[in-house]
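Report on one structure; see the data block that follows.
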Amino acid sequence: MNKRIAIRQMSAHVEQEVTLEGWLYTKTDKGRLQFLQVRDGTGICQAVVFKKNVSSEAFDHARKLTQESSLRVTGTVKADARAPGTPGGYELDVTDMEVVQIADEYPIQPKEHGVEFLIRNRHLWIRSARQWAVLRVRATVIRAIRDWLDDNGFLNVDTPILTPNAAEGTTTLFEIDFHGEPAYLAQTGQLYNEANIFAFGKVYCFGPTFRAEKSKTRRHLQEFWMVEPEIAFCDLNGLMEIEEQFVSYIVQRCLAENAEELKVLERNISSLERVAPSFPRIHYDEAVALLNRAAAAGESVPGYEDKVPHIEWGDDFGSPHETYIAAQFDKPVFVHHYPTQVKAFYMEPEPDRPQVCRSVDLLAPEGYGEISGGSERMAEVDKLTAGIKAHGLPMASYDWYIDLRRYGTVAHSGFGLGLERTVAWICGAAHLREVIAFPRILGSMRP
RNA sequence: UCCUCGGUAGCUCAAUCGGCAGAGCAUCCGGCUGUUAACCGGGUGGUUGUUGGUUCGAAUCCAACCCGAGGAGCCA
């Protein structure tokens, strides 16, 4: 029995005889010479089958291999600059092979396909090189998120997915039946996070969240993952410092650990290398002025056909606005102090100017939009109850939340970072559906 | 909910003014010792999204519906 190794470890086994277990990605048959591209989940490696080097049975088996057939292939690892693969530069000079199964005709070819077809075959599409690379980067982003928070004094306290009422509005909730009582799939764990900081100081929750928005764009999913850190004794400025450290760490971890994956994705690395503290910060007032100067000059929005639309002070930004602002910077940019009226009820108004609140969105470069939204939370009972009234929300639902301000209230802040938008940005992915294994998008949840 | 675009072979797409349903890839057969989405020769493969209408004749024109994509709004 030969040593079984992973393709990723091939460079450590040059001139040794090893066995790879995997699937045939594609094949080039040259008569007495066959090139097999073998995947094993860790990479793709070229296995070269010379007729004179193997038994006639093994050679015939190789000829019969179809795309995605499962196999064990044994041979000597050779360093060869001509060898393609991930990582390339090494190939297997085959001495023997065993077919596990000859696969049926495989629907996905290593060429262009339409979106509908690929989504319908998502269970197979995840084997393709691009999808494989994206999902590996996603796993790195998740590790980086947990590592940074765990190493910086945050305690992971997860929050419920079944909730009795909306945190921020009711139109985008998935309703389910909780034994005769209506319940909703969580859109955020933030309110519970705020309870948790009074026990643990700095906490985060990290899990799936659900939005029944009728949104059908490349930036929306019905089910997506969000990490939500929440910090006691922290104001808006403190929050932005944490966010820029956190996001920079995530990006740098991907650069360090996923060079091969980013190469498969043909991602421009230099724009990611710039992602380091500190990030530019602009006030909502400045952003409005910037947008209206651009609108007056008739500038167009990168990636859109339309010109920059004029904006009235007090309105929230639309996607074209966000995209234009983000395009003015070569790093993620903070926009802070949004108008109080367009933001959620719990955001702390600026004491000297209550028309704006201590909120901040982080906009990713290259058109990937808002990857994070956060704020300093209202710390006083009276302000909070006024805020709940002003938004027309049922006071009774928030009794425990208001309670938190009665027992040792402090300035506190938090944000939510959208996992898929972050991964899409790092990978340069065209659509969020590519950065989660089984996307839930409007009108489709199969497979 | 609204706007725009689309649906033809397993996949990606052609089909001129309404006039024989056509390629490439995949698959199958044959050839080839350095291929990178190989190449060369041959074969298989069709209820043109659905229903109805106009017409001698419809993939093509008309109507309704179904499905998909991108975007707006909303949001991470």
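The figures here come from the full heavy-atom set of this structure, side chains too, leaving out hydrogens, waters and symmetry mates. Chain A is the first sequence line, chain B the second, and so forth, proteins listed ahead of strands; every chain is numbered from 1. Keep in mind that what you see is a predicted model, and the values were worked out from it rather than measured.
Comparing the C1' positions of B/A9 and B/U27 gives an interatomic distance of 12 Å, to the nearest angstrom. Atom P of B/G10 sits at a distance of 23 Å from the matching atom of B/G6, rounded to the whole Å. Taking the C1' atom of each, B/U48 and B/C13 are spaced 13 Å apart, rounded to whole Å. Annotation: B/G68 and B/C61 have their P atoms spaced 23 Å apart (nearest Å). Look at the P atom in both B/U55 and B/A14: the space between them is 31 Å, to the nearest Å. The C1' atoms of B/A21 and B/U47 are separated by 13 Å, rounded to the nearest whole Å. Taking atom C1' on both B/C56 and B/U51, the two are 23 Å apart, rounded to the nearest angstrom. Comparing B/C2 with B/A38, their P atoms sit 46 Å apart, to the nearest whole Å.
Between the side chain of A/K30 and the base of B/C39, no donor-acceptor pair of N or O atoms lies under 3.5 Å. At a cut-off of 3.5 angstrom, counting only N and O atoms as typed in the model, there is a donor on one side and an acceptor on the other between the side-chain of A/Q46 and the base of B/U35.
For the pair A/D361 CG and B/C74 P, the interatomic distance rounds to 13 Å; values are reported in whole Å. A straight line from NE2 of A/H220 to P of B/G73 spans 10 Å, rounded to a whole angstrom. In this structure, A/R211 places its CZ atom 17 Å from P of B/G73, rounding to the nearest Å. Note: CG (A/D315) to P (B/C75) measures 12 Å, nearest angstrom. In this structure, A/Y338 places its OH atom 12 Å from P of B/C74, rounding to the nearest Å. As a whole-Å value, the separation of A/R120 CZ from B/G7 C1' is 12 Å. When the P atom of B/U4 is taken as reference, atom NZ of A/K216 falls 16 Å away, rounded to whole Å. When the C1' atom of B/C28 is taken as reference, atom CD1 of A/I102 falls 14 Å away, rounded to whole Å.
When A/Y204, A/F154, A/F279, A/W148 are each tested for a ring-ring contact (aromatic ring centres under 6.0 Å, His included) with A/F246, only one passes: A/W148.
Side-chain proximity of A/V48 to the nucleotides B/C28, B/G34, B/G68 is greatest for B/G34. Out of B/A69, B/A37, B/G70, the shortest distance to the side chain of A/V115 is found at B/A69. Listed nucleotides B/U27, B/A76, B/G34 differ in distance to A/E105; the shortest reach to its side chain belongs to B/U27. Among the nucleotides B/C11, B/C28, B/A38, the one closest to the side chain of A/K111 is B/C11. Distances from the side chain of A/S319 to the nucleotides B/G73, B/C25, B/A26 place B/G73 closest. With B/A76, B/G73, B/U35 as the choices, the nucleotide that has an atom nearest any side-chain atom of A/T217 turns out to be B/G73.
In terms of modelled atom types and a separation under 3.5 Å, the side chain of A/R219 and the main chain of A/R421 share no donor-acceptor contact. A/Y401 contributes no side-chain N or O that, together with a main-chain N or O of A/E194, makes up a donor-acceptor pair within less than 3.5 Å.
Residues A/K64 and A/E57 are not paired through a salt bridge, judged by the lack of any N-O separation under 4.0 Å between the basic side chain and the carboxylate. Salt bridge A/K78/A/E15: present, at least one basic N to carboxylate O contact under 4.0 Å.
Contact annotation: A/H431 side-chain N/O to B/G70 OP1/OP2 distance is under 4.0 Å. For B/A76, neither phosphate oxygen OP1 nor OP2 lies less than 4.0 angstrom from any side-chain nitrogen or oxygen of A/R421. In terms of phosphate contacts, A/R219 brings a side-chain nitrogen or oxygen within less than 4.0 Å of OP1 or OP2 of B/A72. Regarding contacts with the backbone of B/C28, every side-chain N or O of A/R63 stays at 4.0 angstrom or more from both OP1 and OP2. Residue A/T26 has no polar side-chain atom (N or O) positioned under 4.0 Å from OP1 or OP2 of B/U36. Within the structure, a side-chain polar atom (N or O) of A/R433 is placed less than 4.0 Å from OP1 or OP2 of B/G70. An OP1 or OP2 oxygen of B/G73 is reached within less than 4.0 angstrom by no side-chain nitrogen or oxygen of A/K214.
Within the shown strands, nothing qualifies as a pairing partner of B/U48 under the Watson-Crick or G-U definition with both distances less than 3.5 Å. Across all strands shown, B/U4 forms a Watson-Crick or G-U wobble pair with B/A69, both key distances being under 3.5 Å. Across all strands shown, B/U12 is found opposite B/A23 as a Watson-Crick or G-U wobble partner, with both distances under 3.5 Å. Here B/G41 sits opposite B/C29 as a Watson-Crick or G-U wobble pair (both hydrogen-bonding atom distances under 3.5 Å).
Nucleic acid contact class of A/G85 (heavy atoms, under 4.0 Å, all strands): none. Using a 4.0 Å heavy-atom criterion, one finds that A/S215 contacts the bases of the nucleic acid, with or without backbone contacts as well. Nucleic acid contact for A/P84: base, since at least one base atom lies under 4.0 Å from a heavy atom of the residue. Residue contacts shown for A/K52 include a base, since a base heavy atom lies under 4.0 Å away. Contacts of A/L417 with the nucleic acid, taken as non-hydrogen atoms under 4.0 Å apart, are absent. As judged by a 4.0 angstrom heavy-atom cut-off over every strand, A/L221 is placed among the base-contacting residues. At a threshold of 4.0 angstrom between heavy atoms, the contacts of A/G369 with the nucleic acid are absent. If you check every strand for non-hydrogen atoms under 4.0 Å, A/D316 touches sugar and phosphate atoms only. Using a 4.0 Å heavy-atom distance criterion, A/E91 is classed as a base contact. Within 4.0 Å of A/Q109, counting heavy atoms only, lies at least one base atom of the nucleic acid.
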Notebook entry, point to check: Hey, mind stepping through A/W313 and A/Y284 against ring-ring contact (aromatic ring centres under 6.0 Å, His included) and telling me if it holds?
Noted result: CA-CA 9 Å; A/W313 194 99; A/Y284 173 84; 5.4 Å; yes
Next item on the list: Output, in order, the C-alpha distance, side-chain angles, deciding distance and verdict of side chain to side chain contact (heavy atoms under 4.5 Å, CB included) for A/K331 and A/V275.
Entry: CA-CA 6 Å; A/K331 282 190 196 185; A/V275 180; 5.6 Å; no
Check: Which is it for A/F345 and A/M378 under the side chain to side chain contact (heavy atoms under 4.5 Å, CB included) test, yes or no, and what are the steps along the way?
Finding: CA-CA 9 Å; A/F345 70 91; A/M378 281 177 181; 5.8 Å; no
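Counting only heavy atoms from C-beta outward, the side chains of A/Q131 and A/R122 approach each other to under 4.5 Å.
Each of A/F117 and A/G418 has a nearest nucleotide on RNA chain B; the 5'-most of these lies closest to A/F117. Nearer the 5' end of RNA chain B, as judged by each residue's closest nucleotide, is the contact made by A/R82, out of A/R82 and A/I371.
Nucleotide B/C17 is shown with a syn base, its glycosidic torsion being within 90° of 0.
Residues A/R377 and A/S375 have side chains that bring a donor and an acceptor to within less than 3.5 angstrom of each other.
By the stacking rule of 5.5 Å between ring centres and under 30° between planes, A/F224 stacks on the base of B/A76.
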